[in-house]
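Letters go in sequence order (proteins before strands), and every chain restarts at 1.
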2 protein chains.
Amino acid sequence: MNAMPMLAAVSAPLQSRRPPALVAANAGIDIERLREHVPVLRRKIKAGQSVYRAGQPFHALYLVHVGCFKTSELSGDGREQVTGFRMRGDLIGVESIGLAAYACDAVALEDGEVWELPYPPVLRALFGLPDMHARFTAAMAEEIRRDRAWMLALGTLSAEQRVSAFLVDIAGRCAALGFSDRHFILRMSRADMANYLALKHETVSRALSHLQEIGCIAVLRREIKMLDAERIVAMASGCASVH
Amino acid sequence: MNAMPMLAAVSAPLQSRRPPALVAANAGIDIERLREHVPVLRRKIKAGQSVYRAGQPFHALYLVHVGCFKTSELSGDGREQVTGFRMRGDLIGVESIGLAAYACDAVALEDGEVWELPYPPVLRALFGLPDMHARFTAAMAEEIRRDRAWMLALGTLSAEQRVSAFLVDIAGRCAALGFSDRHFILRMSRADMANYLALKHETVSRALSHLQEIGCIAVLRREIKMLDAERIVAMASGCASVH
DNA sequence: CGGGCTCTTGATAGGAATCAAGCGGAGTGG
DNA sequence: CCACTCCGCTTGATTCCTATCAAGAGCCCG
């Protein structure tokens with residue numbers, strides 16, 4: 001109906017600008033060094049399959065190597081809350097440390113690969129490596145801060161601002177992995193994105209359409225082009241949105 | 001205007017049913033043992049004063065000994081999000097581990113006392129106590145799970161359900177400290193509570209009034225009596241609320 | 001080529017925010 | 001000790017944003 005600003009043909013939207021770090025552990029954990037002390041199992045996961053599910057016995061952490069995963073919290077009565085999207089270098093399972101069973105689900109959004117870090121061995125290995133252990137602790141603290149930052153966003157931003165903040169977040173993570181932060185493919189459905197942002201998928205869809213209308217982005221299904229990154233950052237930061 | 005079901009005169013609403021544990025560390029950390037290795041400083045904090053503020057150099061964790069504190073996340077543009085209320089036995093400052101400066105504010109809601117645990121010394125001490133260190137790590141994981149649980153609540157519950165869930169949470173914590181879970185005093189203003197629940201204070205006020213109208217609770221300013229705890233738990237769990 | 005799923009868009013409804021006013025407790029100063 | 005003021009709480013009226021309900025288009029897959 002509206003004149004859709006079609007996306008230019010994409011030659012290589014995900015082309016890395018620099019060779020992606022072989023194993024860029026989220027918070028500075030040197031996986032190669034850890035592997036000298038702990039056997040690391042590589043596990044391929046197909047789209048839709050889970051790395052682990054809530055209730056399964058906790059036995060390992062996982063490092064995302066390829067693909068994108070979502071973690072989601074479940075309540076007894078069927079409510080679900082996506083708590084995050086995990087990409088290459090992200091460590092998952094940390095929230096379940098200290099429990100007998102995993103506390104949430106971790107599901108692949110596309111075919112991918114995780115490296116399994118058996119937990120008791122990792123813990124033992126870290127005791128011999130004080131600086132690694134300190135960094136691991138710092139990584140957990142970082143995880144808490146990330147969650148808190150999203151609580152701030154969810155608690156204080158409107159739907160459109162949340163969507164903007166989400167795009168800024170994803171863009172930043174793409175950049176950190178050596179990909180373009182101006183042109184990327186969302187790996188999750190609108191429904192997952194909406195759930196994460198505490199919105200409904202229709203609302204997310206409308207927000208994206210509107211951001212496109214005002215010329216901030218170009219969106220075609222899951223493909224996003226950041227046309228006016230500066231303005232999106234401004235919106236994500238709580239500045240009054242332009243109509 | 002409406003016939004207020006007045007609260008009976010309160011003799012000792014906060015009377016502990018059993019002697020409160022001397023230092024019930026949040027997640028099983030044995031503070032007494034830690035004190036053998038680390039100098040612990042006791043700091044009294046007056047209502048409204050901060051334990052620390054975002055940006056101040058990070059140098060210690062704090063264990064709440066007396067009083068109630070709120071932690072809040074701040075954004076550059078002035079938005080604020082209360083991320084939690086911390087009571088006796090709760091450890092605060094954990095989210096700032098690995099940073100040069102604290103990442104959030106921790107403010108006393110009433111006169112209280114915290115025990116200061118200088119961080120590098122604590123870290124060093126933990127290296128000599130593997131089981132303590134493991135429990136400390138588990139405590140951080142627990143913190144992550146608490147945050148995630150609130151993300152679930154905020155993302156999936158209506159205003160009244162959130163308020164119910166909040167009351168259930170507070171009641172549970174009171175019980176854990178040896179106090180009554182049927183009759184307690186909220187230590188925070190409606191505004192703080194609302195901010196934490198991602199609502200406005202008028203909405204919280206209305207929700208409490210409504211819960212009173214339907215006979216679930218009796219509320220008088222900050223004093224809460226749980227009259228029908230079972231139903232409140234049900235509402236907090238996402239069951240359709242009765243009108 | 002059909003079926004199902006995802007995404008988009010429109011119309012409408014509903015819940016929380018906002019705007020506004022009044023009450024009452026706590027603290028202050030006369 | 002009491003009057004006064006400030007601040008927190010409650011309640012009402014109204015608006016606005018997002019959810020809900022509904023329909024249709026596009027893409028992927030068998």
Side-chain angles (χ1 to χ4, degrees), chain A residues 1-7 10 46-48 70 79 109-111 154-164 185-213 217-224 235 238 240-241 243, chain B residues 1-7 10 46-48 70 79 82 109-111 153-164 185-213 217-224 235 238 240-241 243:
Chain A
M1 194 68 352
N2 53 4
M4 163 102 64
M6 288 302 292
L7 294 171
V10 186
K46 284 193 183 152
K70 70 168 175 179
R79 287 173 293 137
L109 298 174
E110 55 188 335
D111 292 358
L154 299 190
T156 61
L157 298 181
S158 70
E160 194 164 300
Q161 291 172 327
R162 284 181 222 181
V163 171
S164 299
I185 308 286
L186 299 174
R187 303 309 166 88
M188 70 294 295
S189 69
R190 294 285 188 270
D192 282 336
M193 196 172 147
N195 184 299
Y196 179 56
L197 297 174
L199 298 170
K200 296 299 169 187
H201 68 96
E202 296 98 322
T203 304
V204 168
S205 192
R206 277 186 241 275
L208 288 170
S209 296
H210 185 241
L211 288 174
Q212 178 168 257
E213 267 172 42
I217 64 174
V219 51
L220 184 56
R221 297 181 61 80
R222 298 191 182 180
E223 185 180 345
I224 303 285
M235 297 182 72
S241 70
H243 63 283
Chain B
M1 193 67 356
N2 53 4
M4 164 100 63
M6 286 304 291
L7 293 170
V10 185
K46 284 192 183 151
K70 71 169 175 178
R79 287 172 293 136
V82 174
L109 297 175
E110 54 187 336
D111 291 358
L154 300 189
T156 61
L157 298 181
S158 70
E160 193 164 301
Q161 291 172 327
R162 283 181 223 181
V163 171
S164 299
I185 308 285
L186 298 174
R187 304 308 166 90
M188 70 294 296
S189 69
R190 295 284 188 270
D192 282 337
M193 195 172 149
N195 184 299
Y196 179 56
L197 297 174
L199 298 170
K200 297 299 169 187
H201 68 96
E202 296 98 324
T203 305
V204 169
S205 193
R206 278 186 241 275
L208 287 171
S209 296
H210 185 240
L211 287 174
Q212 179 167 258
E213 267 173 41
I217 64 174
V219 51
L220 184 57
R221 298 181 60 79
R222 296 190 183 181
E223 186 181 345
I224 303 285
M235 296 181 73
S241 70
H243 64 282

For residues M235(A) and S164(A), report the shortest heavy-atom separation together with the two atoms involved. CB-OG, 3.9 Å

[X] has an atom [atom1]; how far is it from atom [atom2] of [N], in whole Å?
X	N	atom1	atom2	value
E110(B)	dA26(C)	CD	C1'	16 Å
R187(B)	dC9(D)	CZ	C1'	18 Å
E223(A)	dC7(C)	CD	C1'	15 Å
L197(B)	dA17(C)	CG	P	10 Å
M188(A)	dT6(C)	CE	P	15 Å
M193(A)	dT8(C)	CE	C1'	14 Å
L211(B)	dT11(D)	CG	P	12 Å
R190(B)	dG24(C)	CZ	P	16 Å

Could you check which of dT18(D), dT10(D), dT8(C) has an atom nearest any side-chain atom of L199(A)? dT18(D)

Shortest side-chain distance from V219(A), nucleotide among dC7(C), dT10(D), dT8(C): dT8(C)

Can any side-chain N or O of [X] pair as donor or acceptor with the backbone N or O of [Y] at less than 3.5 Å?
X	Y	answer
R162(B)	L197(B)	yes
D111(A)	A47(A)	yes
Q161(A)	S158(A)	yes

Kindly give the atom pairs (protein nitrogen or oxygen, nucleotide nitrogen or oxygen) under 3.5 Å for nucleotides 20-24 of chain D.
from    : atom 1 : to      : atom 2 : distance (Å)
dT20(D) : O4     : R206(A) : NH2    : 2.9
dC21(D) : N4     : E202(A) : OE2    : 3.2

R79(B): salt bridge (charged side-chain N to carboxylate O under 4.0 Å, His left out) partners, not counting sequence neighbours: D77(B)

Just grab all the side-chain hydrogen bond (donor to acceptor under 3.5 Å, both in side chains) pairs involving residues 188-200 of chain A, residues at least two apart or on different chains. K70(A)-D192(A), W150(A)-Y196(A)

Side-chain contact, heavy-atom cut-off 4.5 Å: M193(A) with L199(A)? no

Nucleic acid footprint by protein, nucleotides 25-30 of chain D - heavy-atom cut-off 4.0 Å, B for base, S for sugar-phosphate alone: --S---

Phosphate OP1/OP2 of dT9(C) contacted by S209(A) side-chain N/O (<4.0 Å): yes

The helix from dC1(C)-dG30(D) to dG30(C)-dC1(D): angle between end helix axes, five pairs per end, rounded to 10 degrees: 40°

